[in-house]
Amino acid sequence: CTIDKDELVSPTCDVTFQEINDINNDIRESLVSLARTDFFKYFKLDLYKPCTFWSDNNRFCVNRACAVDVVEDWDSLPDYWQPEVLGKLDDVEDTEGNKKGEDECRFLDELCVGNDNQKQFTAPDVNYCDIGDFSNSEAVLVDLSANPERFTGYGGEESAQIWSSIYKENCFSEGESGQSLAKNAFYRLVSGFHASIATHLSNEHLNTETGKWEPNLDLFMARVGNFPERVSNLYFNYAIVSKALWKIKPYLDHLTFCSSYNEDVKSMIMNIISRLDSKIFNEDLIFENELSSKVKDDFRARFKNVTQIMDCVHCDRCRLWGKVQTTGYATSLKILFELDERDEKSKQSIVDKLTKYELIALINTFDRISKSIESVNNFEKLYNTRLAGG
Ligand code: FAD
C-alpha cells in the first residue's frame, strides 16, 4: 500500500496515519476488554424485519448461486462449511427469552443505562438510524462474542447489489453550499465501512484445505491493500468514531448503569476515552456551521436509509454486524453533528438520551474499526515478509 504514514488522514483530520496507529496501539487491549464485558457483548436485532427497498420480484438476486463468494466449488465442501452455516447466528435468545434460563435473562435486564423507555423519540428527529428497532418485540438478543465477524461466504451479485444501493444513497441536493464536503464524508464513511468488512473477512478467512481460520494476504490485497484510498477511508472512520467518543466524555458522568458491576464498565470507558485526541477530527468543517442546512437533513435521511438497507442482507451474521456498525456510525454522526456547541444542556441531553443499544453499537463499532487498523498493519508486515522472500 502506498500510503505515506506521515500525511494527514484528511483535510478534516489534524492527525497522521501514524498517529492513529499509535493511538490504536495504546488503547487496543483496553478496548478489547471493554467490548467483551457483559454490558457490551449483547446486541438486539430483528432478523425478520422486511427489506423495504426492493422485493424479490423486482429482480433482486436471492438464489444461492448469486449469493456466495470466493470459493470456486462450494458443492465439494462439507455441510459445516457451506455459506448457510458460516453465515448463521449462534447463541440467539428467542423473543420470549427462554433459551438461557431466567436468571441470565434477569441479569441481562440489569445491564441497563438509566431508563430506556424515557429515552425514545425526541422531536425533531436527530437520529441517523431507527432507534425504535431496539424496542421492537420481534427483536432478539445476540451474543456478539459467539458470532465473530469473519468470512461467511456471502457475496456474488446479491451483496454487490446491496453495496451499490448503499453507494447510491450518496446523492445530495444539488447547489447547496457544503454539499461537496458532506458528499465526500458520506462516501468515505461508507467506503471505510466496506473496507473494514473486507479486512475482517480476509483476516479471519476459512482455509478450506486445512479447516483453519487464518489471514489471507492475497484476498486482503485484492479487496483493500491494493487501493490506498480504501485504506485511508478506514482511518477516516476511526477518526469519526473516536472523535464522537471524545466528545461525550464530559457528559458521561450522568449515565447511571444499573448494577454495581457496571461501575467498572464506566471507568473502563473513561480510561479509553481519556487517551483519545480531540484534533483527530474537525466535524465543524463538514457542514460549515450551517447547522440547519438542507444538506445536513439530507445526510441524516440518507444515512438512515443505509442502516435500513441492512435489513435486505440475507446472511444473518453479516446483517448482524452490518446493523451493529451502521448503528455505531449513526450514533457517532448524531454526536458529532447534533450537539449544539453553544448549548451545554443540549449536549448533556443528547448523551442522556442515548439508548443502551446505541452505546453498545458505538463501542463495538470502535472495536471493529480498531481491529481493522491493527489487521492492516499486520497485513503490511506479511506483505513485506513476502517481498523480502520470507
Ligand atoms: P464487494 O465487496 O461486494 O464490492 C462490490 C464492488 O464495490 C467492488 O467490485 C468494488 O468496485 C467496490 N468496492 C469494494 N470495496 C470498496 C471500498 N472499500 N470502497 C469503495 N468501493 C469498493 N462477507 C463475509 O464474508 N463476512 C461478513 O461479515 C460480511 N458482511 C457483510 C455485510 C454487508 C452489509 C454486506 C452488504 C456484505 C457483507 N459481506 C460479508 C460480503 C462482502 O462485503 C462482499 O460483498 C463479498 O465478499 C464479495 O466481495 P467482492 O470482492 O465481490 O466485492
Side-chain angles (χ1 to χ4, degrees), residues 1 45 47 51 53-54 60-62 65-72 74 81-90 129 142 144 147-170 183-208 213 215-216 218-237 303 305-330 361 364-365 368-369 371-372 375-376:
C1 136
L45 91 161
L47 288 165
C51 165
F53 289 82
W54 51 77
F60 180 57
C61 165
V62 286
C66 63
V68 293
D69 180 37
V70 182
V71 176
E72 294 279 307
W74 286 102
W81 283 346
Q82 295 301 315
E84 292 76 7
V85 178
L86 299 179
K88 85 176 182 38
L89 291 175
D90 289 326
C129 65
V142 185
L144 298 174
N147 295 283
E149 186 187 20
R150 64 186 184 194
F151 175 70
T152 59
Y154 181 54
E157 238 178 273
E158 185 183 314
S159 66
Q161 219 167 334
I162 292 191
W163 284 119
S164 139
S165 328
I166 292 174
Y167 286 107
K168 278 194 197 125
E169 287 297 328
N170 193 18
K183 197 169 174 157
N184 181 263
F186 193 102
Y187 174 76
R188 293 193 74 173
L189 193 59
V190 168
S191 166
F193 165 51
H194 193 169
S196 180
I197 290 175
T199 304
H200 291 298
L201 74 87
S202 311
N203 193 47
E204 276 196 72
H205 196 257
L206 179 64
N207 180 332
T208 51
W213 293 92
N216 182 328
D218 291 325
L219 190 61
F220 171 77
M221 293 309 291
R223 304 270 173 110
V224 183
N226 288 332
F227 303 85
E229 179 208 82
R230 296 180 189 175
V231 177
S232 151
N233 295 338
L234 278 174
Y235 282 77
F236 181 79
N237 288 16
F303 199 81
N305 285 345
V306 172
T307 67
Q308 288 166 350
I309 291 174
M310 295 303 114
D311 295 324
C312 306
V313 173
H314 278 85
C315 151
D316 284 349
R317 194 180 288 225
C318 312
R319 183 198 277 218
L320 166 70
W321 284 107
K323 271 281 179 196
V324 169
Q325 290 169 87
T326 52
T327 306
Y329 289 127
N364 275 288
T365 303
R368 294 293 74 210
I369 196 78
K371 173 76 188 172
S372 292
S375 304
V376 164

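Counting starts at 1 for both ligands and their atoms, following the listed order. Throughout, numbering of the chain's residues begins at 1 and tracks the sequence.
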Under 4.0 Å from any heavy atom of [X], which atoms of ligand 1 are there?
| X | answer |
| --- | --- |
| Tyr167 | 16 (C), 17 (C), 19 (N), 20 (C), 21 (N), 22 (C) |
| Ala195 | 18 (N) |
| Met310 | 34 (C) |
| Tyr187 | 20 (C) |
| Tyr154 | 23 (N), 37 (C), 38 (C), 39 (N), 41 (C), 46 (C), 47 (O) |

Any [X] heavy atom less than 4.0 Å to ligand 1:
| X | answer |
| --- | --- |
| Arg317 | no |
| Phe151 | yes |
| Arg150 | yes |

Please state which option from His314, Gln325, Arg230 has its nearest heavy atom closest to atom 10 (C) of ligand 1.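 Shortest heavy-atom distance from atom 10 (C) of ligand 1: Arg230.
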Have a look at Ser164, Ala160, Ser191 and point out the one with the heavy atom closest to atom 19 (N) of ligand 1.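 The nearest heavy atom belongs to Ser191.
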Glu229 side chain near Tyr187 side chain, heavy-atom distance below 4.5 Å: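 When only atoms from C-beta onward are counted, Tyr187 and Glu229 do touch, with a gap below 4.5 Å.
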Any side-chain heavy-atom pair of Tyr329 and Thr307 under 4.5 Å: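 Counting from C-beta outward, Tyr329 and Thr307 never come under 4.5 Å.
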For Asn226 and Met221, indicate whether the former's side chain and the latter's backbone hold a donor-acceptor pair under 3.5 Å.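 Here the side-chain-to-backbone pair exists.
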Would a distance-only check, ignoring hydrogens and angles, find a side-chain to backbone donor-acceptor pair under 3.5 Å from Arg317 to Pro148?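 Side chain of Arg317 to backbone of Pro148, a donor-acceptor pair under 3.5 Å: yes, one is there.
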Closest contact, heavy atoms only, [X] versus [Y]:
| X | Y | result |
| --- | --- | --- |
| Glu149 | Trp321 | N-NE1, 3.4 Å |
| Ala198 | Val224 | CB-CG2, 3.7 Å |
| Asp311 | Lys323 | OD1-CE, 3.1 Å |

Give a yes or no on whether the ring-centroid distance for Phe193 and Trp163 is below 6.0 angstrom.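 Judged by ring-centre distance (under 6.0 Å), Phe193 and Trp163 do meet the cut-off.
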Once side-chain hydrogen bond (donor to acceptor under 3.5 Å, both in side chains) is applied, do any residues pair with Asp316, and if so which ones, sequence neighbours excluded?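 Asp316: no side-chain hydrogen bond (donor to acceptor under 3.5 Å, both in side chains) contacts found.
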Backbone or side chain, does any N or O of Glu229 fall under 3.5 Å from an N or O of ligand 1?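 No, there is no polar N/O contact under 3.5 Å.
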Ligand 1 and Glu149, any nitrogen or oxygen pair closer than 3.5 angstrom?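 In this structure, Glu149 places no N or O atom under 3.5 Å from an N or O of ligand 1.
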Backbone, side chain, both or neither: what part of Thr152 comes under 4.0 angstrom of ligand 1, heavy atoms only?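 The answer is both, backbone and side chain.
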